[in-house]
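What follows is one structure encoded as structure tokens, with my remarks underneath.
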Amino acid sequence: MFELDKLVRDNIKRLTPYSSARNEFNGQSGIFLDANENPFGKYNRYPDPFQNELKKVLSEIKNVKSENIFLGNGSDEVIDLLFRIFCNPGEDKVLTFSPTYGMYRVSADINNIELVDVPLSSNFQINLERVLPMLQDALLKLVFICSPNNPTGNSINESDIKILLSSFKGIVVIDEAYIDFSPEQSWSALIEEHPNLVVMQTLSKAWGLAGIRMGMAFTNTGIINYLNKVKPPYSISSPNQDIALSAIQNIESFEEKKQVILSEGPQGPCFS
Ligand SMILES: *Cc1c(COP(=O)(O)O)cnc(C)c1O
């Protein structure tokens with residue numbers, strides 16, 4: 001059985017989050033005196049801390065309810081938040097499969113968390129026989145699966161991920177930074193079925209918006225609430241919310257550019 005509260009660090013469970021003026025007010029008034037903002041200028045107001053308008057449009061494109069979406073200042077911020085919510089520094093461990101994205105190790109090092117690495121097999125798949133016994137370790141809190149994997153380009157077998165999801169009592173993070181280039185379905189459709197699943201995507205790659213730092217996490221509302229509790233209150237600036245909104249409302253241009261990139265990519269096993 002998966003019990004979220006048993007996995008979360010005690011100090012995070014006890015934490016009283018910062019409560020901003022924008023959190024507390026949800027009417028339509030244009031008069032705000034309680035956030036000490038300047039009345040002049042274009043960017044004088046603090047941004048919507050929960051990016052509700054942007055999430056509404058993302059929700060339609062991604063087929064995930066708004067309440068199941070968290071936005072980070074890049075998915076790199078989501079990775080770091082997951083460490084800070086679930087991993088006790090100097091005690092806990094996370095699992096990765098190399099070669100893979102370098103930020104998992106950097107975040108582990110910053111948070112003083114031991115990173116256990118099991119190399120992918122010769123066809124870049126997870127060595128389940130080696131991994132399954134490791135999942136019993138109560139100090140293991142997060143497993144990072146990058147699929148399609150950076151740098152190998154292949155997707156991890158669906159059946160192996162399903163076995164990991166149902167055998168592990170900790171959190172399984174599936175990093176789908178390259179999913180838009182892949183014919184595979186996103187794992188986001190399974191977040192209801194698997195309460196320990198966090199799916200990450202980003203606007204940095206196929207969407208061409210690495211400069212605005214917009215990462216997404218799709219997961220159940222229990223984990224979303226903890227992400228909201230720990231994040232800096234205004235991590236996504238209003239210009240960035242605006243740029244993301246207009247980009248995702250122009251799907252045609254996105255599809256066009258994606259096709260150009262795909263047509264220039266290697267033929268063969270990549271992204272299959
Ligand atoms: C590029 C990349 C990211 C970066 O995401 P940001 O949203 O730009 O922080 C995350 N994961 C993988 C595997 C990547 O290759």
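Indexing begins at 1, ligand by ligand and atom by atom, following the structure's order. Position 1 is the first residue of the sequence, and the numbers go up from there. The shown structure was predicted, so the numbers you read here are calculated from the model rather than taken from an experiment.
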(request) Please confirm whether K231 makes a cation-pi placement over F50, using NZ or CZ under 6.0 Å from the six-membered ring centre and within 45° of the ring normal. (result) yes
(request) May I ask you to say whether R84 pairs ionically with D80, meaning some side-chain N is under 4.0 Å from a carboxylate O? (result) yes
(message) Please determine whether a side-chain nitrogen of the Lys or Arg among D180 and K62 lies less than 4.0 Å from a carboxylate oxygen of the Asp or Glu.
(response) yes
(message) I'd like to check F83 versus I110 (side-chain heavy atoms, cut-off strictly below 4.5 Å). Are they in contact?
(response) no
(request) Determine whether V94 and V143 make a side-chain contact, defined as any pair of heavy atoms from C-beta on separated by less than 4.5 Å. (result) no
(request) Let me know which protein residues bring a heavy atom to under 4.0 Å of ligand 1; chain then number is fine for ordering. (result) G74, S75, D76, Y101, C146, N150, D175, A177, Y178, T202, S204, K205, R213
(request) Answer whether the closest heavy-atom distance between the side chains of V199 and L190 falls below 4.5 Å. (result) no
